[in-house]
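These notes are about the structure you will find just below.
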Amino acid sequence: MVIGVSTLRISLPVFVAEQHGLFVKHGIDAEVRRFDTAQPLADELGAARIDAGGYVAFPILFRPGASAPKVRVFTAIIEDAAHPLSYLLVKKGSGLRGVAALRGKRIGILPTAAYRRWLEAILRHDGLEPEDVSIVPLAPPLEVDALAGGGLDALFTGDPMATAALARGVAEPATDTPDVPRVLGDPFLFGTFAVTEDFALKHPAPARALADALDEAITMIAADPAVGTAAMKPYVRETERPFVDRYPPARYLRSGEMSATQLDRALELSGTDVRARTVALP
């Protein structure tokens with residue numbers, strides 16, 4: 001089974017499953033392929049060039065106006081006030097405070113459809129239009145230095161980049177609370193793990209075993225968040241490794257805990273016509 005993983009903090013269960021031998025324990029011969037962001041991972045998954053992958057934000061996997069990928073989803077990561085995943089940051093000492101202060105500014109984003117969609121929702125909620133700012137998609141390795149060097153006025157991104165920027169003293173939060181759940185609902189179903197429909201139908205037992213392995217990894221993370229961050233360390237860039245221990249706890253739903261109502265709401269917010277009954281893992 002070829003499993004894609006985005007090397008972002010949202011993917012902790014995959015890191016734990018690989019580092020702690022959970023794929024092997026559940027009878028899965030896994031080849032794990034790494035992606036800097038979830039966008040190329042979702043493209044590979046949609047084209048069935050990999051069998052499974054995650055974690056990936058719902059608007060990336062189910063893009064508005066695009067053909068729905070033939071996938072089945074299970075497990076999810078939640079963003080809420082106590083478990084931030086997306087950060088709206090400004091350069092430390094800039095004096096910028098609040099979303100309204102970003103009018104006319106350059107905002108760097110993680111180069112995915114999800115972060116653009118969410119930023120546009122935040123801007124509109126707080127009285128701005130997307131055209132009132134310059135939105136700059138930027139590769140993860142370039143984000144922190146671009147903010148530090150003045151190429152950006154703000155940064156809307158996730159970990160490992162966000163915590164590295166804060167810990168290095170480059171950035172400070174622009175707002176008091178995680179903006180995505182503030183605007184789109186708390187708790188917010190941020191992303192998921194998916195297997196191709198073809199694989200799920202042809203190989204139901206391995207697909208179920210994959211869900212079981214990730215469920216076990218989530219149980220380990222819930223019992224001790226340090227298990228997740230320790231497992232992620234080998235995957236992050238060397239400059240970001242010293243700050244991994246500063247990540248806030250992450251909140252996941254096991255495959256049996258994600259309700260159809262929650263999944264439908266996440267899909268609705270993604271702008272797709274797909275609904276839970278067609279994509280939930282049998």
Side-chain angles (χ1 to χ4, degrees), residues 5-12 34-42 54-60 77-81 83-92 94 96-99 101-102 105-123 125-126 128 130 133-184 188 190-191 229 232 235-244 246-248 250:
V5 60
S6 55
T7 49
L8 304 169
R9 180 164 60 90
I10 59 174
S11 301
L12 293 182
R34 304 179 190 182
F35 296 84
D36 283 343
T37 72
Q39 194 78 61
L41 184 158
Y55 278 65
V56 54
F58 282 98
I60 298 175
I77 183 166
I78 295 285
E79 182 172 23
D80 58 28
H83 303 88
L85 294 172
S86 51
Y87 297 73
L88 184 58
L89 306 174
V90 294
K91 188 174 181 180
K92 191 165 185 177
S94 67
L96 296 173
R97 185 67 182 164
V99 175
L102 300 179
K105 304 300 184 183
R106 289 170 55 85
I107 306 175
I109 63 168
L110 200 65
T112 67
Y115 273 80
R116 177 176 288 273
R117 186 174 181 86
W118 294 336
L119 178 59
E120 290 178 353
I122 292 165
L123 292 170
H125 182 275
D126 285 27
L128 298 181
V133 303
S134 296
I135 300 175
V136 184
L138 204 60
L142 305 178
E143 290 184 345
V144 179
D145 288 340
L147 185 64
L152 299 173
D153 301 295
L155 187 60
F156 182 50
T157 191
D159 280 325
M161 297 74 65
T163 295
L166 292 166
R168 284 172 50 186
V170 169
E172 59 189 2
T175 57
D176 292 325
T177 186
D179 292 286
V180 173
R182 174 177 68 85
V183 170
L184 297 177
F188 177 73
F190 187 99
T229 51
M232 186 177 179
Y235 295 86
V236 302
R237 290 171 286 274
E238 189 173 349
T239 56
E240 296 160 341
R241 208 163 288 162
F243 313 120
V244 167
R246 302 191 187 200
Y247 295 163

Qualifying residue for side chain to side chain contact (heavy atoms under 4.5 Å, CB included) with Leu88, from Leu155, Leu102, Val180 | Leu102

For residues Pro140 and Leu110, determine if any side-chain heavy atom of one lies less than 4.5 Å from a side-chain heavy atom of the other.
-> yes

To the nearest 0.5 Å, atom OG1 of Thr175 lies from atom CZ of Arg97 at 6.5 Å

Which atom of Glu143 lies closest to which atom of Pro111, heavy atoms considered | OE2-CD, 4.4 Å

Please lay out, stage by stage, how Lys91 and Leu147 fare under the test side chain to side chain contact (heavy atoms under 4.5 Å, CB included).
-> CA-CA 6 Å; Lys91 188 174 181 180; Leu147 185 64; 4.2 Å; yes

Look up atom CG in Leu89 and atom CD1 in Ile107, then write down how far apart they are to the nearest 0.5 Å.
-> 11.5 Å

Which heavy-atom pair separates Pro84 from Arg9 by the least distance, and what is that distance?
-> O-NH2, 2.7 Å

Any ion pair linking Asp176 and Arg182 (charged N to carboxylate O, less than 4.0 Å)?
-> no

Can you list the steps and then say if Phe156 with Ile122 is a side chain to side chain contact (heavy atoms under 4.5 Å, CB included)?
-> CA-CA 11 Å; Phe156 182 50; Ile122 292 165; 3.8 Å; yes

Leu8 versus Ala38, closest heavy-atom pair with distance | CD1-N, 4.4 Å

Please tell me if the side chains of Asp153 and Val90 come closer than 4.5 Å, counting only heavy atoms from C-beta onward.
-> no

Arg168 to Val144 - nearest heavy-atom pair and separation = NH1-CG1, 3.4 Å

Can you find a heavy atom in the side chain of Met161 that is under 4.5 Å from one in the side chain of Arg237?
-> yes

Between Ala148 and Val170, the two heavy atoms sitting closest are CB-CG1, 3.6 Å

Would you please classify the geometry between the Trp118 ring and the Phe190 ring as parallel, tilted or perpendicular, with 30° and 60° separating the classes?
-> tilted

Less than 4.5 Å apart, any side-chain heavy atom of Val5 and any of Arg34?
-> yes

Taking side chain as C-beta onward, heavy atoms only, is Ile78 less than 4.5 Å from His83?
-> no

Verify, without hydrogens or angle tests, whether Ser11 (side chain) and Tyr55 (backbone) share a donor-acceptor contact under 3.5 angstrom.
-> yes

Quick one: CD on Gln39 to OH on Tyr115, what's the gap to the nearest 0.5 Å?
-> 12.5 Å

Using a 4.5 Å cut-off on heavy atoms from C-beta on, say whether the side chain of Val99 contacts that of Leu123.
-> yes

Could you please spell out the steps behind the side chain to side chain contact (heavy atoms under 4.5 Å, CB included) verdict for Ile60 and Thr37?
-> CA-CA 10 Å; Ile60 298 175; Thr37 72; over 6 Å; no

Candidate pair Leu85 and Phe188, rule side chain to side chain contact (heavy atoms under 4.5 Å, CB included), full reasoning | CA-CA 10 Å; Leu85 294 172; Phe188 177 73; over 6 Å; no

Atom pair CG (Leu152) and OG (Ser134), whose distance is rounded to the nearest 0.5 Å = 10.0 Å

Hey, is Arg246 close enough to Asp159 for a salt bridge, meaning N to O under 4.0 Å?
-> no

For the student: nearest non-hydrogen atoms of Glu172 and Ser94, plus distance | OE2-N, 4.3 Å

